[in-house]
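Below: the structure, in structure tokens.
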Protein chains: 2
Amino acid sequence: MTDEPDDILSKLPARLKEARRAQGLSLEAVANLSGVSRSMVSQIERGESSPTIATLWNLTRALQVDFAGLLEDRDNADRVEVLRQSEVPSIDNMGKGCLIRILSPPEDAGGHEVYDIRFEPDGALISQPHGRGVQEQLTVLEGSVRVASGSAAGDLGPGDTARYAADVAHSIHATDGAARIFLIVKQA
Amino acid sequence: MTDEPDDILSKLPARLKEARRAQGLSLEAVANLSGVSRSMVSQIERGESSPTIATLWNLTRALQVDFAGLLEDRDNADRVEVLRQSEVPSIDNMGKGCLIRILSPPEDAGGHEVYDIRFEPDGALISQPHGRGVQEQLTVLEGSVRVASGSAAGDLGPGDTARYAADVAHSIHATDGAARIFLIVKQA
DNA sequence: AAAATTTTTCCGTAATTGTGGAATCTTTTA
DNA sequence: TAAAAGATTCCACAATTACGGAAAAATTTT
């Protein structure tokens, strides 16, 4: 690794310049398209200035690049993070009254992971955001649960199925006694 | 759409605030973690200031949120899609005594498909070979089944899980009364 | 090669971000 | 209910971004 670990920002100038040159545009051309002054574009490309998100957003529109991908680690190793955070093959997750059985093989890590989860009465599984674009799908086998993802929520009974984004904070609560669910975590 | 079209930036303040509150942190706590002053965090959360990417980056680190996803237009996020038991598409497999409910969304066709299958006593699901490299994984919820793939076979009871090649002829039989299983078809 | 054109960088100025402390509002405790 | 503690917002000042025109550098044309 020749890069400083947490200095992803240092890669941004080069990527912006590359995007501009790839389209054969001059600083002035980009300035007209984006509404950002030539001087500013120059400074940003040279790493002499840290733009506000507003100006950077305008630049991405003019250059037709994806804002999200612009700051991402291209050769991403973030899958490892997702694993050790919340996919721990532990029996009792955070002592919240839920038993987790991992049904998917280890080699599926990063693919589609499958869990069989049993909740004690009032048990809960509260998760921090997973990697970007990850979705979860669960089916209630027994009991009732309340699913919350971001600011949205839904109540499920036996046989019901829910799908929701898992790249935001999300949680599953047993709302009426014990419960059992089938959970599938789908990587993007 | 009740949102202004190209003003994705307007969503950022709320998302940041939500991320902070989700972790039960005060402005000062975030300030200490991120190195950004309390006042600034407040202004950003209220949309009164457009932060530089440097400060926003520091905030995302402190809040443990994904920088890229923060500004993305995720229309399906913040929404829990619930499929009631009665409205899940199902197919009655040719009078073979098995009812198949399809839990995976149509857009997942060709990806990983998920089924909830109920067998009547002595019911069976006999399948021709799928595409090359396709694997199936099933977990028994109730009853007992015998799984056969090619020339191999295995007997499962409640809670047991089996994985096997599905690119050869394979079958699932209910061996002791009614049964219910969860089946996942994994494309190569 | 020199001139002309284009592109980029430099520089002074206006606008906005970012900071620390006081004031206001909210929640907790007695 | 009053007091205390905590969190958030307001305010004046420092630092940086952002802009427009001039100088410098690079590219193209004659």
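Chain naming here is simple, since letters A, B, ... match the order of the sequence lines and numbering starts at 1 in each.
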**OP:** Keeping to residues at least two apart or across chains, list the ring pair (Phe, Tyr, Trp, His ring centres under 6.0 Å) pairs with something in residues 119-139 of chain B.
**Re:**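 Matches after skipping sequence neighbours: B:His130-B:His170.
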
Subject >> Counterpart residues, side-chain contact (heavy atoms from CB on, under 4.5 Å), relative to B:Thr55 (two or more places apart) >> reply: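 side-chain contact (heavy atoms from CB on, under 4.5 Å) check on B:Thr55 returns B:Val36, B:Pro51, B:Thr52.
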
**OP:** Name all residues meeting the side-chain contact (heavy atoms from CB on, under 4.5 Å) criterion together with B:Ala169; count only those two or more places apart in sequence or in a different chain, and write none if there are none.
**Re:**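 Only B:Pro129 meet the side-chain contact (heavy atoms from CB on, under 4.5 Å) criterion with B:Ala169.
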
Round to the nearest Å and state the distance from [X] atom [atom1] to [N] atom [atom2].
| X | N | atom1 | atom2 | answer |
| --- | --- | --- | --- | --- |
| A:Met40 | C:dA15 | CE | P | 17 Å |
| B:Asn32 | C:dG20 | CG | P | 11 Å |
| B:Ile53 | D:dA18 | CD1 | C1' | 15 Å |

Original post:
Is any side-chain N of the basic residue among A:Glu45 and A:Arg20 closer than 4.0 Å to the acidic one's carboxylate O?
Top reply: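 Answer for the salt bridge query: yes.
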
**OP:** For the pair B:Ser149 (side chain) and B:Ala152 (backbone), establish whether a donor and an acceptor sit closer than 3.5 Å, ignoring hydrogens and angles.
**Re:**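 Not confirmed, B:Ser149 side chain does not pair with B:Ala152 backbone.
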
**OP:** Report, as a single string ordered 5' to 3', how protein heavy atoms within less than 4.0 Å touch nucleotides 7-13 of chain C: B base, S sugar-phosphate only, - not at all.
**Re:** SSBB---

Original post:
So, do B:Ile126 and B:Ile172 sit near enough that their side-chain heavy atoms are less than 4.5 Å apart?
Top reply: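 Sidechains of B:Ile172 and B:Ile126: no contact.
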
Subject >> Cluster link B:Trp57 to B:Leu33, ILVMFWY, side chain under 4.5 Å >> reply: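 The answer is yes; both residues are in one hydrophobic cluster.
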
**OP:** Give me the bend of the helix from C:dA1-D:dT30 to C:dA30-D:dT1, using the axes of the five pairs at each end, rounded to 10°.
**Re:**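 About 30° separates the two local helix axes.
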
Subject >> salt bridge (Lys or Arg N to Asp or Glu O under 4.0 Å): pairs with one or both residues in residues 21-44 of chain B, sequence neighbours excluded >> reply: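 Those involving residues 21-44 of chain B do not exist here.
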
